[in-house]
Amino acid sequence: MIKVKEKKLNLFLLITLIVGTIIGGGIFNSPTDLILKANPLAALIAWLIGGVGILMLALVFYKLTIVKPDLNGGIYTYAKEGFGNYIGFNSFWGYWLGAIFGNIAFISLFFKTLNSMLPHPLSPFGCFIGGSIILWVYAWIGWRGVRKVSILNAVITIAKVLPLILVIIVGITLFQPHVFSVPQWSHVLVSTGRSENLSHQIGQAMSTIVWCFVGIEAAVSMSRRAKKHSEVGLATVISFVIVWCLYVLVSLLPMGIIPAHELSTSSVPLATVLNKSVIGIWGALIIKVGLLISLLGALLSWFMIGPEIAYVTSMDSAMPKPFKLVNRHNVPGFALIVYTLIMQVILIVLLLPQLQTAYTIAYTLATTTTLVAYLLSSLYGLKLAFKESYSWGFKLVALIASAYAIYTLFATGIEYAFASAIIFAFGIPVYLLAAPKMRRFEKAIALVIGVAGLLALVMIIRGGINF
């Protein structure tokens, strides 16, 4: 078989990869999501705190790409290098499943939005067929090579950012400070009238903010594909600045335009903003088209990252051997097919309405495990900083990043962190299939995870854990 020479990703493609991965459908509904949890000024404080925390995490990734350029697997290799093979596998496993469930969410929201635009909405079976077509078309595109996918991703990323810039421009002209500065903002949630102190508002908002940045590690996960390894960390920091500015402006400006009680019930908040301008009813169409493009773009980004990290994990014998197989375009073909097949199966399950609640819980749990992967990377950075006697500046950065990840886990809800043991427990047989020899402390960890997963499952069934 003739192998095609691989073209690497430059700085621009790395940046659009990260931005395209982070910006999915959440940004279009972020004003409503946040106003239901925090008043405008509390949300602003949460964005500042969350911004510092995510920036510290981005700086940890930046430093690690410089001092450990041989660690090409991102969050998997960082956790493995710092805490052993089995911990590294768990970092990958939670992150990988989070990506799979996230992709299904993108497809679900895509067809929900599309149906709202059609005179005759598609049936559930029609949505299933459409979603299946998207999955396998993306698998085919991914099979052709990472650079081809990254170029297409760059075009889609630019296209989906344009409606957001339009909202920002319009929002600045319509912003009213008295609408933004609501009375009793520090102890009464104005959107619902409930008593909510400031710390609780910030904690609730933080759970939304951290999910907004899932994907910040995209370039690190694809670092072996970079033209210059030194650009991986730089792309991560630049992308953080771009996305943070977009999210803060897009989520907060509507809070100074639309009263909180109205914003909390808006199904398309950004369209409501544009509807108050000279654009009028065309605003809803612009935003919905932008949302469709955004969802397709985010899905495409994860089609690059998911198979890639599974391949890197298999190279350390933490995943079954077939995941090492690559095609003539140097794409991990087996991992790509398995990745797509799992999503195809989950897409079938989503046709059953009674399982929607179970899906929502599973997706939230999978997202929690992604945060665990971030924590392990931060802790590795902290361990390395003291072991290698790096500057106190980096020690402080790694410490803040680790503390922020722990804080966010608790702020999101300890019940989700506890119940996520179920997901990690399902990974135990997969790991044993690839790496049957486990050290004593790894067996102890696996036993704890297995018992915790079983207890969590029993508590959920008996109603001891409510979501």
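As the structure is a computational prediction, the values presented were derived from the model and not from experiment.
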Partners meeting side chain to side chain contact (heavy atoms under 4.5 Å, CB included) with Asn197 (sequence neighbours left out):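 Ser199, His200.
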Holding to side chain to side chain contact (heavy atoms under 4.5 Å, CB included), I want the full list of residues that pass it with Ala205, two or more places apart in sequence or in another chain. Leu34, Ala38, Ala46
Are any of the side-chain heavy atoms of Leu299 and Phe110 separated by less than 4.5 Å?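 Result no, sub-4.5 Å side-chain heavy-atom pair not found.
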Listed partners of Lys80 passing salt bridge (charged side-chain N to carboxylate O under 4.0 Å, His left out), at least two apart: Asp316
Given the rule in the side-chain contact (heavy atoms from CB on, under 4.5 Å) test, do Thr340 and Leu336 qualify, once you have shown the distances and angles that lead to the verdict? CA-CA 6 Å; Thr340 309; Leu336 175 62; 4.2 Å; yes
Between Tyr95 and Trp302, is the ring centre distance below 6.0 Å? yes
Without placing hydrogens or testing angles, list every side-chain donor-acceptor pair under 3.5 Å for residues 248-256, not counting sequence neighbours.
unit_1, atom_1, unit_2, atom_2, d
Ser251, OG, Trp47, NE1, 2.9
Ser251, OG, Tyr247, O, 2.6
Ser251, OG, Val248, O, 3.4

Just say parallel, tilted or perpendicular for the rings of Phe89 and Tyr86, cut-offs at 30° and 60°. parallel
Listing, residues 394-404 side-chain donor-acceptor contacts under 3.5 Å, not counting sequence neighbours, or none:
unit_1, atom_1, unit_2, atom_2, d
Ser402, OG, Ser378, O, 3.4
Ser402, OG, Ala398, O, 2.9

What is the distance from atom CD1 of Ile104 to atom CD1 of Ile346, rounded to the nearest 0.5 Å? 5.5 Å
Separation between CG of Leu36 and CD of Gln204, rounded to the nearest 0.5 Å: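 If I round to the nearest 0.5 Å, the distance is 11.0 Å.
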Donor-acceptor pairs under 3.5 angstrom involving side-chain atoms of residues 184-195: please list them, not counting sequence neighbours.
unit_1, atom_1, unit_2, atom_2, d
Ser191, OG, Ile35, O, 2.8
Thr192, OG1, Arg194, N, 3.3
Arg194, NE, Glu196, OE2, 3.3
Arg194, NH2, Glu196, OE2, 3.1

